[in-house]
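The next block holds one structure in the form of C-alpha cells; read it before the comments.
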Amino acid sequence: MDDNMKMKPTVSMGLSPTGNQQMRRRASANPLAPRRQPSFREEIEHAAAETYLLTRLTFTLLRCLGVGYRWMTKLAALACYAMFLLPGFLQVAYYYFFSSQVQRSIVYGDQPRNRLDLYLPTHIDEPKPVVVFVTGGAWIIGYKAWGSLLGRQLAERDIIVACVDYRNFPQGTVSDMVKDVSQGISFICNYVADYGGDPKRIYLMGQSAGAHISSCALLEQAIKESRGGESISWSVSQIKTYFGLSGGYNLFNLVDHFHNRGLYRSIFLSIMEGEESLEKFSPEVRIKDPSIRDAISLLPPIILFHGTSDYSIPSDASKAFADALRRSGASTELILYDGKTHTDLFLQDPLRGGKDELFDHIIAVIHSDDEEALAKDDMAPPRERLVPELLLTMARLISPF
C-alpha cells in the first residue's frame, strides 16, 4: 500500500459557501419535536408493517431479476447466510424495535420512504457528533434498518446516528434516490440539534449502493453551491468528513460487472435512467470536468474504505475514485483491508465484536478534536460478540455477496 493510502485522516470543517449562497431553514413547525413513547401495541403494529415491507422488497427483487437457476441458488445461499447470522440479527432486531434509544421512521419529506431512524446515546449531556448513514441494497432492497447494527455500536460511543431511507427501484430511479438522500441530509443538518446533536459535527457515510448515492448527493450539492443563485437548505460545509464504504463511483465500469453477477444490464440501466445518465451519476467521471473545479474545492475530506476480496464491488472502484479525487485536488484517503469481502466490513466483523480496525478508524476521526471522548474510547470495553465464530465462518463461506 502506498503512502497516500496510509496517510493519517485529515478532519477539518468544510469550506463556507461563496458569494450570496446562504442556508435557508424550513419555515414549517419542527417535525423532530419529542414524541411520546409508543405503546406495546403500536410497537407490534410497527414491527408487522416493517416485516411486510421487507417481504415486499424481497418479492420486488425476485420480480426484477427473474426466478432462474442462478437466482434460485443465490436466494438459497442468502437464506443460509441469514440463518448462520440469525443469533446476531435477533439481538439487533430486539434493540431496533424495543430500545428507547431508537427513534424510528421520523418523516423528513413528502415522498414514499422519506423516513429516517435516529440512534441516540444513553446520556446526552452536551451536543454529540452525528453520522448520517445511507445503507446499501443494490438500489433495489435498500432499507434504513440495515444500519441498525452500526447505529447501535456508534451510539455506545456517544455518537448520534441517522439512518436515512430512500425510494428504491422500481418505486424510484437513481435521481429520486439522490434527491431523497439529499433531503434527508438537509433534515438532519437543520433539526438534529433538537435531539442533542451538534450541527457543527455532522459526518456523512454510505455503504455499497448507499456510498454511490450519498457521494452523488454530496457532489451535486457542491456543484449547486459553486454556481450560486440557488437557495439551499444545507451546505457541504456542514459535513466534516465523508466516509465511503465498499462503494462504486463509476457506473460505466459497473454495468458489465453487475450483469455478470446477475443484476442484468437492462435492469441496471433502468435504475440509472439509461446510458445517457451514466456520466451524471458517476462521481469519478464527473469530477474530471474542469467546469466544476470550484465545486471540488468545497468538498469535505473524503475517506474511502474497501476490502480487497470484495467481489460485489471490486476494490478497484475505490482506488480509481481516490485517484481521481486526488488529481482534482480533493482531500482524500484510501484504506484497503486485505482479504475482506463486501459483507466482512459491514456485517461479519461488527457481529464478531472485539477490536475492529474500520470501526476504530471511524471513531478516531469523529473524536479527533475531543480529548475527553478519545480518553473514553481508550477505556471503552470491547464490543460485544453477537455471533459465535463458527457461524461467522460458515456465513462467510456461503455468502452470495
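Small disclaimer: the values here were computed from a predicted structure and weren't measured.
You'll find the side chain of E389 reaches within 4.5 Å of the side chain of R352, heavy atoms only. Using a 4.5 Å heavy-atom threshold, the side chains of F258 and I313 count as touching. Counting heavy atoms from C-beta on, the side chains of R265 and D256 come closer than 4.5 Å. L298 is listed as a side-chain neighbour of S226, based on a closest heavy-atom distance under 4.5 Å. Counting heavy atoms from C-beta on, the side chains of I362 and M205 come closer than 4.5 Å. S148 has its side chain within reach of Y119: a pair of non-hydrogen atoms, C-beta onward, lies under 4.5 Å apart. Between L251 and F268, some side-chain heavy-atom pair lies under the 4.5 Å cut-off. A 4.5 Å side-chain heavy-atom check between P290 and R293 finds at least one atom pair inside the cut-off.
Taking the six-membered ring wherever Trp is involved, the centroid distance between the rings of W139 and F281 does not fall below 6.0 Å. Residues F346 and F133 bring their aromatic ring centres within 6.0 Å.
Without hydrogens or angle criteria, D117 side chain to S105 main chain gives a donor-acceptor distance under 3.5 Å. A donor-acceptor pair under 3.5 Å links the side-chain atoms of Q221 to the main chain of W234, judged by distance alone. Using modelled atom types, one side-chain atom of E273 and one backbone atom of S175 make a donor-acceptor pair closer than 3.5 Å. Looking at N168, its side chain does come within 3.5 Å of a backbone N or O of Y166 through a donor-acceptor pair. Remark: side-chain polar atoms of S291 are not paired, donor with acceptor, to backbone N or O of D289 under 3.5 angstrom. D378 contributes no side-chain N or O that, together with a main-chain N or O of A375, makes up a donor-acceptor pair within less than 3.5 Å. At least one donor-acceptor pair under 3.5 Å links the side chain of T308 to the backbone N or O of G339. In this structure a side-chain-to-backbone donor-acceptor pair under 3.5 Å is present from T341 to D344.
V130 approaches G197 most closely through the heavy-atom pair CG2-CA, 3.8 Å. S214 and A211 make their closest contact through OG-O, 3.3 Å (heavy atoms, listed as atom of the first residue, atom of the second, distance). Between H257 and N253, the shortest heavy-atom contact is CB-O, 4.0 Å.
A salt bridge is defined here as a Lys NZ or Arg NE, NH1 or NH2 lying under 4.0 Å from an Asp or Glu carboxylate O, and K340 with D310 fails to meet this definition. Between K319 and E284 there is no salt bridge, since no side-chain N of the basic residue sits under 4.0 Å from a carboxylate O of the acidic one. The pair K240-D369 meets the salt-bridge criterion, since a charged nitrogen lies less than 4.0 angstrom from a carboxylate oxygen. Salt-bridge annotation for R152 and E156: present, with a side-chain N of the basic residue lying under 4.0 Å from a carboxylate O of the acidic one. Ion pairing between R383 and D356 holds under the 4.0 Å rule for side-chain N and carboxylate O.
There is no side-chain donor-acceptor pair under 3.5 Å between E220 and S182.
Judged by a 6.0 Å distance limit and a 45° cone about the ring axis, R104 is not positioned over the six-membered ring of F97.
Note that the CG atom of L85 and the CD1 atom of I398 stand 11.5 Å from one another [nearest 0.5 Å]. Note that CD1 of I363 is 9.5 Å distant from CG of D158, once rounded to the nearest 0.5 Å. One distance of note links CZ of R157 with NE2 of H367; it measures 8.5 Å at 0.5 Å rounding. The distance from the NZ atom of K144 to the CD1 atom of I106 is 9.5 Å, given to the nearest 0.5 Å. To the nearest 0.5 Å, atom OG of residue S318 and atom OH of residue Y249 are 4.5 Å apart. For the atom pair OG1 of T73 and CG of L78, the computed distance is 11.5 Å after rounding to the nearest 0.5 Å.
Not counting sequence neighbours, R115 has no partner by the salt bridge (charged side-chain N to carboxylate O under 4.0 Å, His left out) test.
Heavy atoms from other residues, nucleotides or ligands lying under 6.0 Å from OH of Y311 number 12 at most.
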Verdict with reasoning, M83 to L86, per side chain to side chain contact (heavy atoms under 4.5 Å, CB included): CA-CA 5 Å; M83 286 299 297; L86 189 60; 4.2 Å; yes

Evaluation steps, side chain to side chain contact (heavy atoms under 4.5 Å, CB included), between H212 and V174: CA-CA 10 Å; H212 167 252; V174 66; 3.9 Å; yes

